[in-house]
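Written below as structure tokens is the structure these notes are about.
Below, chains carry the letters A, B, ... as their sequence lines are ordered, and counting in each starts from 1.
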Amino acid sequence: MSEQTPQPKPASEDPKYRYTAGLAADIEPKWQAYWAKNHTFEVPNHPADMSEPKAYILDMFPYPSGAGLHVGHPLGYIATDVLGRYKVMTGHHVLHTIGMDAFGLAAEQYAVEHGVHPRISTERNIARYREQIQRIGFGHDTRRGVSTIDVPFYKWTQWIFLQIFDSWYDQEADRARPIATLIAQFADGTRATPDGRAWDALSAQEQAAVVDSFRLAYIAEAPVNWCPGLGTVLSNEEVTADGRSERGNFPVFKRNLRQWMMRITEYADRLLSDLDRLDWPEPIKLQQRNWIGRSEGARVHFPVTAVDGSEKTIEIFTTRPDTLFGATYMVLAPEHDLVDSFVARAWPTGTKPAWTGGHATPAEAVAAYRAQAAAKTEVERQTEGRQKTGVFTGTFAVNPVNGEGVPVFIADYVLMGYGTGAIMAVPAHDQRDFEFARAFDLPMRIVVAPPADWPQDVAEWTQSYDSKTAQITDSANDEISLEGLPVPAAIRAISEWLQNKGIGEGTVTYRLRDWLFSRQRYWGEPFPIVYAVDGPDAGIARALPESMLPLELPEVDDFSPKTFEAGDVTSAPEPPLSRAADWVNVTLDLGDGPRQYRRETNTMPQWAGSCWYYLRYLSPDDDSRFVEAEAEKYWMGPRSAEDTGGVDLYVGGAEHAVLHLLYARFWHKVLFDLGHVTSAEPFRKLFNQGMIQGASYTDAREVYVPADQVEEIDGVFYYQGEKVTQHFGKIGKSLKNVVSPDEMIDEYSADTLRIYEMSLGPLDMSKPWDTRASIGSFRFLQRLWRNIVDEESGEVTVTGAEPDEATLRILHKTIDGTRNDMEGMRFNTAISKLIELNNHLTRLPAVPRAAAETLVVLTAPFAPHIAEELWSRLGHTDTVAHAAYPVADPAYLVDETVTCVVQVAGKVKDRLEVAPDIADEALRELALASEGVQRALEGRGVRTVIVRAPKLVNVVPA
RNA sequence: GUCCGAGUGGCGGAAUGGCAGACGCGCUAGCUUGAGGUGCUAGUGCCCGUUAAGGGUGUGGGGGUUCAAGUCCCCCCUCGGACACCA
């Protein structure tokens with residue numbers, strides 16, 4: 001393999017004052033320094049006049065990995081910068097900055113692998129990111145770019161946690177309120193305690209248990225996702241569809257563990273309904289709606305006799321109460337706590353062999369099935385496909401609509417976490433029940449009339465009939481008949497009947513679960529929570545007072561979590577902080593004298609900081625409040641009764657559709673309810689930028705080869721003479737196709753990178769990266785430069801002459817067109833208009849100053865460095881960043897003549913130059929007389945003539 | 001499987017229902033230069049027409065609405081993404 005060292009070109013090759021990478025390397029840092037020195041992009045927390053126009057433009061802040069930025073990362077940052085600079089030039093206060101999301105698993109994993117403290121590696125990564133970002137030349141207010149790991153920042157993350165901890169959701173007021181208001185209700189008797197005793201009669205422990213059951217942040221013993229390979233638990237959102245961790249791809253198991261939870265489910269309805277008020281892409285709204293998963297249905301009580309003879313009720317949830325008459329069996333989740341009470345002593349007569357799982361008694365069968373279900377990982381559940389499994393409990397419940405006995409099963413296709421963890425099975429009209437019934441030889445009953453071409457005998461069906469519109473059949477008792485009703489009407493009728501009879505009621509359930517909020521990791525915010533070691537309140541979670549914040553992470557010898565064999569189900573989490581004995585065991589005075597406490601040793605998940613960082617940008621130095629009230633009101637406050645408020649534009653990838661965006665909305669709503677912010681939503685408008693895809697290449701062994709060393713010959717790709725295959729997809733180290741922004745800046749310029757990224761195509765679509773094509777953007781800048789500066793002498797060559805008519809027209813059309821494109825974030829078409837104007841100026845014998853200056857101003861948001869340099873060379877002493885964006889003169893937007901297209905039968909046959917105000921009749925005559933029409937008609941008559949003066953005439957032949 | 005999004009030259013893409021392919025890459029030819037990656041000019045959807053004039057054809061496939069469809073409606077195909085036993 002021969003080493004190819006690029007030969008530096010002799011300096012004499014290019015004219016001295018040509019716009020080259022070398023020249024750009026001089027001017028770009030110069031102007032970056034100028035902006036910093038002159039505070040060009042710094043804005044006050046709020047202006048004296050709160051009505052002045054503003055734009056709060058926000059990027060999803062990056063997670064600084066060790067690999068640094070590649071060219072895909074800055075796409076959104078460049079777009080927001082272009083828009084922000086445009087907004088400044090149209091008279092807005094613009095708040096735009098970038099912070100760092102630096103706590104979390106990936107940073108910690110990296111630190112563990114490289115054997116350094118997470119803070120050291122993270123800060124190194126941040127410095128690298130900042131350096132790369134700086135070179136691109138953003139108009140950021142850098143004073144505001146906070147990092148989530150900064151102690152003054154996470155002090156307020158902890159403070160917000162305590163706000164949530166100290167709140168409950170008041171259903172009557174439909175908002176969160178301080179927990180003290182709840183305690184007051186219990187104390188004065190307006191709210192009854194769960195068991196009806198007086199509040200004072202409850203012990204401290206009992207009172208705490210009651211209050212905790214209302215807190216928005218609470219500890220619960222719940223089935224959680226335990227990931228031994230990472231040594232931590234994960235939220236549902238962090239587990240992939242095939243039951244593995246999103247980070248690291250380790251197996252995940254369901255375990256019952258004591259963990260911190262956030263009661264996000266209280267907000268399910270508002271998180272859902274407020275989506276309608278947001279200016280977000282529909283697909284993202286849809287994903288959130290699906291994730292929240294609101295579903296209306298009914299709860300129905302099925303009586304059952306327990307083994308001890310007592311009468312119990314199995315409560316089921318169904319969206320189809322209209323099919324109650326078709327229920328032929330019931331299923332409970334294996335973990336359902338009622339199961340034990342009615343597992344029969346022996347198999348009843350008539351039990352089919354398939355129902356017993358081969359066990360001698362129901363108790364054995366149930367125990368075996370439960371053990372098997374618990375040992376199963378999510379992965380195994382998936383890989384085993386949808387084979388329905390389960391066992392009979394030996395007991396029959398009673399269908400309340402017809403008094404029939406229905407066998408009760410347990411099966412893992414019913415999930416404990418949804419609805420009531422129990423279902424009535426209607427195999428004829430639900431595909432899952434159908435499959436189970438077929439596997440277990442259970443009867444089916446048709447209660448929704450299928451189309452005529454379905455077999456009469458349900459035994460011949462190959463699938464269930466799940467229509468939600470057809471008519472009900474064969475469904476009546478002495479009191480009610482659903483016969484012939486369409487499904488929706490039947491649902492209403494039976495629901496009312498159930499309600500009146502007291503055997504059920506209409507209800508709403510959600511797919512959304514409470515948010516698992518604790519992690520057994522070192523690199524996160526410590527919980528500001530302690531537990532008394534002894535006394536009547538021993539073990540009760542207690543908030544640290546605000547005066548004790550921030551609670552800093554302790555230094556530890558071993559910050560890595562205890563991880564386990566990836567498949568070790570029996571392992572239990574062991575947080576690294578629990579090993580910091582001096583930190584964990586403390587004596588504090590929390591108002592009742594010095595006492596011994598034990599600190600919470602879990603840390604918060606990565607999402608905590610990203611739930612509110614955009615608020616901290618508004619007043620990063622305020623150490624008395626998490627956000628200055630006036631600043632929040634100015635930048636984020638609602639502008640009308642319907643407006644939710646929030647940042648004006650939030651740009652980022654669609655991969656955060658549910659996780660980050662849902663969590664942040666939840667926190668924001670709590671802060672709103674408690675009166676800490678005036679905006680009801682954090683992000684008024686959301687925009688998802690598309691992914692930049694890179695070409696990667698694999699050789700015959702399917703191994704990736706360095707993309708930058710692949711040659712293309714006649715559409716075939718070669719690496720070191722070997723044929724390789726091209727793929728398009730993500731850019732990444734392992735794919736060997738990383739192009740860094742630094743390489744682009746070294747080879748061309750930051751302005752070239754910016755222009756090229758914005759020219760690629762519409763911002764919201766994914767598009768392939770092609771480094772070679774960026775030469776076009778470079779040429780544009782080079783020609784722009786050449787139109788103003790003599791490449792040999794460096795002299796400015798523009799003339800003082802007035803621009804000619806044609807130049808004025810294209811100039812004003814460009815102004816008009818780019819303005820529209822900027823407002824609509826169509827940066828690709830805005831740039832093509834600038835190129836057209838520039839190409840027009842190139843063809844002139846000399847460039848008029850007025851045209852040159854306008855073009856420089858229009859180009860400034862995209863290529864700010866070259867624009868500043870030209871602006872300065874043109875004699876200006878102020879920054880072009882603050883120049884006013886030009887306004888088009890309407891007089892130049894209409895042409896003296898327009899080209900009229902003349903069609904025959906919809907096909908273009910001629911063109912006419914006509915006055916823009918030509919009358920329909922005159923145009924009609926001109927068109928009919930035209931040569932092209934005469935030739936095309938070939939003597940045929942004319943049936944109709946459509947005239948759309950002045951642009952088009954369509955002649956329809958007879 | 002369900003739900004979203006997208007299919008236009010060799011490539012990225014452009015087109016209020018009204019001239020399809022703006023702008024850029026690449027390619028071809030010429031110029032320039034101190035011969036070689038980044039200067040300038042012109043041409044460039046495809047087919048027929050030796051040149052030209054001109055004609056035909058063309059936006060994943062099929063049907064429809066319309067004087068007129070890349071654009072609106074219905075069916076299908078392909079690719080990308082999200083979710084996935086949610087009762």
Taking any strand in view, what nucleotide pairs with A35(B) in a Watson-Crick or G-U wobble way, both distances under 3.5 Å? none
From C-beta outward on Glu747(A), which listed nucleotide comes closest to its side chain: A87(B), U38(B), C23(B)? U38(B)
Look at the side chain of Arg911(A) and the base of C19(B), then say whether one donor and one acceptor between them are separated by less than 3.5 Å. yes
Minimum-distance nucleotide (side-chain atoms of Arg783(A) versus G12(B), G18(B), C40(B)): C40(B)
Mind checking if Lys767(A) touches a base, just sugar-phosphate, or nothing, with heavy atoms under 4.0 Å? sugar-phosphate
Just N and O in the side chain of Lys907(A): are any of them under 4.0 Å from OP1 or OP2 of U57(B)? yes
Nearest whole Å is fine: how far is A87(B) C1' from Arg294(A) CZ? 17 Å
Look at all strands and tell whether Thr20(A) reaches a base, only sugar-phosphate, or nothing, counting heavy atoms closer than 4.0 Å. nothing
Is the shortest distance from a Lys or Arg side-chain nitrogen in Glu823(A) or Arg819(A) to a carboxylate oxygen in the other one below 4.0 Å? no
What does Ser759(A) touch in the nucleic acid at a heavy-atom separation under 4.0 angstrom: a base, only the sugar-phosphate, or nothing? nothing
So which nucleotide does A6(B) pair with, by the Watson-Crick or G-U wobble rule with both distances under 3.5 Å? U78(B)
Ring centres under 6.0 Å, that's the criterion: do Tyr19(A) and Phe778(A) meet it? yes
Nearest of A68(B), G13(B), A87(B) to any side-chain atom of Thr319(A)? A87(B)
For Leu415(A) and A84(B), what is the distance between atoms CG and P respectively, to the nearest whole Å? 11 Å
No-H, no-angle donor-acceptor pair, Lys951(A) side chain to C19(B) base, under 3.5 Å: no
Can you tell me how far the OG atom of Ser495(A) sits from the CD atom of Glu296(A), to the nearest 0.5 Å? 10.0 Å
When you get a sec, tell me which of G39(B), C85(B), A6(B) is the closest nucleotide to the side chain of Tyr413(A)? C85(B)
From the list A87(B), C23(B), C67(B), which nucleotide is the closest neighbour of the side chain of Ile835(A)? C23(B)
Let me spell it out: for each of Ser774(A) and Val956(A), pick the nucleotide of RNA chain B with the closest heavy atom. Which residue's pick is nearer the 5' end? Ser774(A)
Select one nucleotide: of C67(B), A14(B), G24(B), the one nearest the side-chain heavy atoms of Thr829(A). A14(B)
Does the Lys NZ or Arg CZ of Lys388(A) fall within the cation-pi geometry relative to Tyr413(A) - under 6.0 Å from the ring centre and within 45° of the axis? yes
Describe the nucleic acid contact of Thr509(A) in one word from base, sugar-phosphate, nothing, applying a heavy-atom distance below 4.0 Å. nothing
Base, sugar-phosphate, or nothing for Ile946(A), non-hydrogen atoms under 4.0 angstrom? base
Rounded to whole Å, how long is the line connecting atom CD of Gln287(A) with atom P of G5(B)? 11 Å
Considering Watson-Crick and G-U wobble pairs with both distances under 3.5 Å, what does C27(B) pair with? G43(B)
Name the pairing partner of A20(B), where a pair is Watson-Crick or G-U wobble with both distances under 3.5 Å, or state none. none
Chi-angle category of G17(B) [syn within 90° of 0, anti beyond]: anti
Reckon Thr944(A) touches a base, only the sugar-phosphate, or nothing at all at heavy-atom distances under 4.0 Å? nothing
Would you mind pulling out the nucleotide paired to A53(B), Watson-Crick or G-U wobble, both distances under 3.5 Å? none
Within the 4.0 Å heavy-atom criterion, would you say Lys909(A) contacts the bases, only the backbone, or no part of the nucleic acid? sugar-phosphate
Reckon Asn828(A) touches a base, only the sugar-phosphate, or nothing at all at heavy-atom distances under 4.0 Å? sugar-phosphate
Just checking Asn290(A): base, sugar-phosphate only, or nothing, at a heavy-atom cut-off of under 4.0 Å? nothing
Nucleotide nearest Val901(A) (side chain, heavy atoms from C-beta), chosen from A84(B), C19(B), G5(B): C19(B)
In terms of side-chain heavy atoms of Arg18(A), which of G39(B), C85(B), C4(B) is nearest? G39(B)
Counting the atoms with a prime plus P, OP1 and OP2 as sugar-phosphate, which does Glu655(A) contact under 4.0 Å by heavy atoms, base, sugar-phosphate, or nothing? nothing
With both distances under 3.5 Å as the test, what is the Watson-Crick or G-U wobble partner of A69(B)? none
Tell me the partner of A84(B), counting only Watson-Crick (N1-N3 plus N6-O4 or O6-N4) or G-U wobble (N1-O2 and O6-N3) with both under 3.5 Å; none if nothing fits. none
Can you work out whether Ala905(A) or Gly417(A) has the more 5'-proximal nearest nucleotide on RNA chain B? Ala905(A)
Just checking Glu791(A): base, sugar-phosphate only, or nothing, at a heavy-atom cut-off of under 4.0 Å? nothing
Contact between Leu760(A) and Asn828(A) at the side-chain level, heavy atoms closer than 4.5 Å - yes or no? no
By nearest atom, which of the nucleotides C4(B), A14(B), G39(B) is closest to the Leu286(A) side chain? C4(B)
Would Glu836(A) and Lys833(A) pass as an ion pair if we require N to O under 4.0 Å? no
Cation-pi geometry met for Arg18(A) and Trp785(A) (6.0 Å, 45°): no
Answer yes or no: does a side-chain N or O of Arg299(A) lie under 4.0 Å from OP1 or OP2 of A87(B)? no
Does Arg320(A) have a side-chain nitrogen or oxygen under 4.0 Å from the phosphate oxygens OP1 or OP2 of A87(B)? no
Using whole Å, report how far CH2 of Trp291(A) lies from C1' of A82(B). 10 Å
Out of A87(B), G54(B), A14(B), which has the shortest distance to the side chain of Arg935(A)? G54(B)
Judged by modelled atom types alone, do Ser464(A) and Asp430(A) share a side-chain donor-acceptor pair under 3.5 Å? no
